[in-house]
Amino acid sequence: MKNMKLSTSVSVGIDLQSEDEYLLCSAFDVERDRVFFASSANVVYGLQLSSSQKGRSASKAILSTYSEQIFLEPDDCIVAMDYLMEKEALVIGTSSGCLLLHIIELKTTEVVGRVEGGVKSISASPDGALLAVTAGLGQLLVMTHDWEVLYETELNPQLSENGITDGMDESSYTQFQAPICWRGDGKYLATLGGPHESSSLQKIRIWERESGVLHSSSESKKFMGTSLDWMPSGAKLVAACDRKHENKPPLVVFFEKNGLERNSFGIDEPMGSIVKMIKWNCNSDLLAASVTCDVYDAIKIWSFSNYHWYLKQEIRYSKLDGVEFSWDPTKPLHLMCWARGGKVTSYNFVWMTAVTDTSTALVVDNSNVLVTPFSLFLMPPPMSLFRLKFCSPVQDIAFLCKNSKNQFAACLSDGNLCIVELPGMDIWEQFEGQEFTVETSSSDLTTGSFMHLTWLDTHVLLGVACYLDESHMTTVLRGHELAYQQSNCSHGYSLVEIKLVCSEDSVPDSVSFSGWQAKVSKALPLEGTVISIVRNPAKRSSAFVQMDGGSILEYSSNSGFSEGSARSQLHELDSGSGFSLSCPWMKAVSVRDNSIVKPLIFGLDDNGRLHAGSRIICNNCSSFSFYSKAGVVAEEVVTHLLLTTKQDLLFIVSIEDILHGSLEENFERYNINQKRGEESKDYLNVWERGAKIVGVVHGDEAAVILQTTRGNLECIYPRKLVLVSIINALLQRRFKDALLMVRRHRIDFNVIVDCCGLQAFIESSTDFVSQVNNLSHITEFVCSFKNDDIMDTLYKNYISIGTLPRPRENPQNIGGQSKVSSVLLAVRKALVEHVPECPARELCILTTLARSEPPALEEALDRIKVIREMELSGADDSRRKLYPSSEESLRHLLWLTDSEAVYEAALGLYDLNLAAIVALNSQKDPKEFLPYLRGLEKLQPVVMKYTIDVKLHRYQKALRHIVAAGDDYHEDCMNLMKTNPELFPLALHLVTNNVKRFQVMEAWGDYLQAEKHYEDAASTYLCCSSFQKALKAYRDCGDWKGVLTVAGLLKRGKEEVLQLANELCEEFQALGKPAEAAKIALEYCADVSRGVGYYILAREWDEALRVGYLHEREDLVSDVKDAALECASTMISEYKEGSEKVAKYLARYLAVRQRRLVLAAKLQAEDNLVNDADYDTVSETSSNFSGMSAYTTRTTKESGASISSTTASKARYVRQQRKKGGKIRAGSPGEEMALVDHLKGMSLTASALRELKSLILVLLMLGKEEIAQQLQNVADAFQLSQEAAVKLTEDTISSDTMDENTQTLEHYRRRLREAPQHSRVLSWQSKVLLPP
């Protein structure tokens, strides 16, 4: 799906020494980019090709020339020549048989051998090691580059076999030609013809390289001239055969290595045409032939694809030129042609896609253009929808689609220009199989060659004219004031604007091509070589012209023309818009940047670098194209760039990413080892190596057309592009188009809702139903819907959530309903309100009910029940036709949901007949459900409903029904509540009889008591006057006040209350609540001694002392005093010991921390030397060095910088140690964190502070001021030390350095004491005891 376009054409004339002199043969020097010619005057001419010419830029084709006379004997002349890389010299053969070696650098010539009968042809092997020579006497000689003959054999072995070579005179050998060609690997060589073979019947013979043995030969055919060449890849030989005896033009025939004919194709020329020579290019993909016709000579170039040979280019010459050609040995698209008179022309071609921006294939094949719109048909050439037939082969084409008009221009090899106007593509289908013969337009343009044909507007063409000389240019552009151009046109190139006028009115809906007139309206000289021209899509009558080197000029057409205006018509763009080097493949597209439409120029150079202006966005691109979303196609605004890489990956890149520099794809980081066929956010693996993009179908189609190396077409729909088109349709509220794309490409239906958000879809549900207008499609949508947000899950790798126009927080429920239920409710409402009644609508509504979450089966069965009642009542037939049958509806519902759920829902409607129908249609066993339904039928209606509700676990309904059944079923009611305790509150509202209410309350209290909810149980018992159970409940929950209060309600005697109080005292003391026991003893037992004793046990010092004085019991006061002194003494010693422990633990922590930091530094230094040290070795060395754990966790893949001492890992270890017993093991990995946690755990609790404050106050009351002060001081010292230690650990644990001067306990004690917030901590202390 390619057309071969002429990119540059550069000519140079060799100054021959006489008018009668002409060029004979040529030879290429590949290493130094030189080409040599030998003339009839025995002069060797050389041309040096510039590197830029070899690389396509062609600003200067010739850097220098070379000429040297070869002195020969009189009547001797040069007949063959080749270049020997080993000798860096030319080997020349003469008609007398001399073999000469001409050294270029030294300009010396020496005779290296002589061949009897003269030299016919010379050819060096591809590796340059051997030289093959055919002699005039019919011998084939193969020799080394040291002129040692390896073997000599007869070209026609039959002569020697028949013994007729002796006695033959030399004239017998002068009439044959024996061209030589080597296979690409040099293992075989082939010759054509031999002595004593008829000029009409010859053979191709294939010889083995090493031995010279004849390997095979072809059948005798009428071969033409010296037309023989071996494909460099070695697959086949090519030759031309004459078919005059069949009254047919020449035939190009291909042969296998074994001499058998493989295939052939005819040359579309008159019968008398002659193929002088035929050659393959170095890539074996192009075949060129020099053909002589009656009125002209032509160079024809074919390519092969899809089992068809396409004539892609024809270059015509005058018969007087006697043109010959040669392919560049290293550049497959570089062709050198020369005329006998010394004119040498260098042609550089480039392959261009044959698919236009509107996805229309225009494939050039000889004088035909094969037309196929991919938006309608996908057929690979040589098939086509229709074809355009021209009078001569097509050289260049241009296509324009604008305002629903399609215009086509073709430049022909005979210099004519043809214009075709095509109707809109939507009616092209009627042209299928037709061929339209196109007339040439009337034109005053007679250029030597016309390149880069481009439409500027519907009646304006732009191109580059190449002229042979200034006189030719003046002739071509006659009638124009071109003095300025002539004086500045040094290279023979002009930018020509052609104005088109049609004298006939076009017929609508038809192909029109007659009446066109072309006239050169403007011409601008060019000081450089044009690489390509593209139309500016963002500006009318404007184009971008790329010059050699990558600079880009903008051409703007205007009405006037003068020297000044000529300069203003062509101006160079800024450096940010040009390329860094020449890009033969260039496209200009319109893009939207912040609502401004502007052009953006892309180019692909020969090395696979894709340029976007001055930026290079991909370094290994093989092809690229563009995609436009629906709605912007008419504006010619593209939205995505598509490209394939040399690793066979297809990338789809948003234009926004390119414009704003946020392109995240790094095309080189993906290698060919990725799993074939795997699609991802960034790329799609192309399944066949070498496939390239040839076209894109824009809009909702979102198709990418690839062509494989075999020629066949593949149409794919990348997931990312499909999602872009679906989202675009949804944003434009084209729900039907979006749904059709979702169904076609098997996209998750949830995208229709998740794209713009749940609330937006619900608001648009009416439009959705109205536009789709297909209940089957709506049913499919409803059945596929689910709660997940697929834009956040399934398609998050394809579409950025930030680009979607939906709320940042997309709610998954509306009004407490799930996403599924909310959407289906909206769809159901739209169906009811806007879709006429019909059976399909009812089934769709049933689907929405069945797919709700949870399924609304009862509502669905209600609708079916209405239909069934309508059927049973014999309603009007016209009304019944609007609904499906009840059986069909039921089967539809059963197909959508679980049959058991539908059966239970039918039971829940208490319609036994409906339940039986559901059971029958769900294939239930009648032996199972019929007895059950019959049993229900015999029950009272209320009891039946109760039974069904219990079966369906609808216990609240069951309770209501069993309560309504009356007193006879009260036991069943109580059992139901006991089985389902959550029914007790409802039962209290339903039961009105007081006796039964008390029974319900007591049962509820029993349940709460069993569940150990004692307080609630006691309250419930009190409500039903069950005091004995309430007393037990209070006693179980430890509420002695409630126990004694209920005892009063029970009218217990004093002795019973006293006994109960004593029991409660013992229980509370056993439970560790001596303060509560003291209150009971004082208030109910009147036992002051026990009460004070309990207060002393509870360390309620001030309360114990108050009670002692209250009852004037000096003995109890003395007991309180003794206990307080003893407790103070104990606490003083404990706080002193605690302070020592704080200092000890802190010192240990600081030592551990210091050693860990030292070890970490050394380990990091070691790892810098040995990065791959074994984990076990490092661990053992670390432990031996430190004498304790390094507190590190490491792996063999981590460096020394990965030493971890995170709080989380140590906390886990500390928790494990606490489970084992809470000990701190010296040297353990968790020792550091364990020490920190232990220091924090030593802080004084709120209860300890209250107890301390109470004790100090009592000591002061008892006159023990000294002991109170001592206790307060040691407690304050302990508290201050503990808080200072914790603060110090918090500061050091987050730091990697240690300061021995400031990070001390004493320093932090001073800091805390001086801090303003320290006064809050002193609230438990007595101010009278504070130091000054």
Side-chain angles (χ1 to χ4, degrees), residues 375 627-633 639-640 652 654 679-681 684 696-704 715-801 803-806 810 812 819-828 830-831 835 840 843-844 847-848 850-852 896:
S375 57
Y627 168 77
S628 298
K629 296 187 294 190
V632 297
V633 177
T639 57
H640 289 79
I652 301 171
S654 172
E679 191 173 5
S680 76
K681 162 189 173 181
L684 172 67
V696 175
V697 183
H698 303 280
D700 291 343
E701 190 69 16
V704 179
C715 183
I716 65 172
Y717 300 88
R719 182 62 50 86
K720 183 174 182 178
L721 216 56
V722 169
L723 286 171
V724 167
S725 61
I726 292 172
I727 292 173
N728 182 63
L730 291 172
L731 295 180
Q732 297 173 0
R733 298 178 69 87
R734 295 187 290 113
F735 294 107
K736 181 177 180 179
D737 296 336
L739 185 64
L740 291 176
M741 286 186 280
V742 166
R743 295 182 71 253
R744 179 181 179 184
H745 298 290
R746 298 182 180 180
I747 302 296
D748 196 312
F749 281 90
N750 286 264
V751 72
I752 296 175
V753 175
D754 295 336
C755 171
C756 298
L758 177 58
Q759 185 63 43
F761 178 81
I762 291 175
E763 294 172 357
S764 307
S765 57
T766 300
D767 294 339
F768 171 77
V769 172
S770 301
Q771 289 184 27
V772 173
N773 197 26
N774 187 316
L775 294 172
S776 297
H777 292 175
I778 295 176
T779 301
E780 187 178 0
F781 165 76
V782 169
C783 291
S784 303
F785 206 67
K786 55 190 176 183
N787 275 320
D788 295 339
D789 186 351
I790 60 156
M791 305 308 291
D792 286 332
T793 55
L794 184 61
Y795 299 133
K796 66 178 181 179
N797 289 334
Y798 300 98
I799 301 296
S800 175
I801 302 299
T803 61
L804 298 178
R806 64 177 191 172
N810 188 30
Q812 293 300 300
K819 170 186 169 185
V820 171
S821 298
S822 301
V823 169
L824 298 190
L825 177 60
V827 172
R828 185 161 60 251
L831 288 171
V835 178
L843 294 178
C844 190
T847 303
T848 63
R851 287 296 181 181
S852 297
L896 290 171

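Counting begins at 1 with the first residue of the sequence. If you're wondering where the values come from, they're calculated on a predicted model, not measured in any experiment.
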With side-chain contact (heavy atoms from CB on, under 4.5 Å) as the test, would you mind laying out the steps for Thr639 and Asn728 before giving the verdict? CA-CA 11 Å; Thr639 57; Asn728 182 63; over 6 Å; no
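- Atom CZ in Phe749 sits 8.5 Å away from atom NE2 in His777 (nearest 0.5 Å).
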What's the verdict on side-chain contact (heavy atoms from CB on, under 4.5 Å) for Tyr798 and Val722, showing C-alpha distance, side-chain angles and the deciding distance? CA-CA 10 Å; Tyr798 300 98; Val722 169; over 6 Å; no
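- The aromatic rings of Tyr717 and His745 are tilted relative to each other, their planes meeting at an angle between 30° and 60°.
- Separating the CD atom in Glu780 from the CG atom in Leu775 is a distance of 13.0 Å, to the nearest 0.5 Å.
- In this structure a side-chain-to-backbone donor-acceptor pair under 3.5 Å is missing from Asp788 to Ile790.
- Counting heavy atoms from C-beta on, the side chains of Asn787 and Asn750 never come closer than 4.5 Å.
- Here the closest heavy-atom approach between residue Cys756 and residue Leu731 is recorded as SG-CD2, 3.8 Å.
- Closest approach of Val751 to Leu730, counting heavy atoms only: O-CD1, 3.6 Å.
- Counting heavy atoms from C-beta on, the side chains of Lys736 and Asn773 never come closer than 4.5 Å.
- The minimum heavy-atom distance linking Val782 with Val827 is given by the pair CG2-CG1, 4.4 Å.
- In this structure, CG on Leu739 lies 12.0 Å from CD1 on Ile747, to the nearest 0.5 angstrom.
- In summary, of the residues considered (Arg719, Lys786, Arg743), a salt bridge (Lys or Arg N to Asp or Glu O under 4.0 Å) with Asp748 occurs for Lys786 alone.
- For the atom pair CG (Asp789) and NZ (Lys796), the distance works out to 11.5 Å, reported to the nearest 0.5 Å.
- Residues Leu684 and Val704 fail the side-chain proximity criterion, which asks for heavy atoms closer than 4.5 Å.
- One distance of note links OG1 of Thr848 with CG of Leu843; it measures 11.0 Å at 0.5 Å rounding.
- Residues Ser725 and Asp700 share a closest heavy-atom pair of OG-O, 4.0 Å.
- Using a 4.5 Å cut-off on side-chain heavy atoms (C-beta onward), Leu831 and Ile778 make contact.
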Chi angles and distances behind the side-chain contact (heavy atoms from CB on, under 4.5 Å) call for Phe761, Asp754: CA-CA 8 Å; Phe761 178 81; Asp754 295 336; over 6 Å; no
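- Evaluation of the side-chain contact (heavy atoms from CB on, under 4.5 Å) rule for Asp767 yields Arg733, Phe735, Gln771 as partners, not counting sequence neighbours.
- Summarising the geometry of Arg734 relative to Ala630, their closest heavy-atom pair is NH2-CB, 3.5 Å, with the distance given to 0.1 Å.
- Using a 4.5 Å cut-off on side-chain heavy atoms (C-beta onward), Ser821 and Leu825 make no contact.
- Here the shortest heavy-atom pairing between Ile652 and His640 reads CG2-CD2, 4.0 Å.
- Of the inter-residue distances, the one linking Ser765 atom OG with Leu824 atom CG reads 11.0 Å to the nearest 0.5 angstrom.
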What do the steps show when you test Phe768 against Ile752 for side-chain contact (heavy atoms from CB on, under 4.5 Å), and what is the final call? CA-CA 10 Å; Phe768 171 77; Ile752 296 175; 4.2 Å; yes
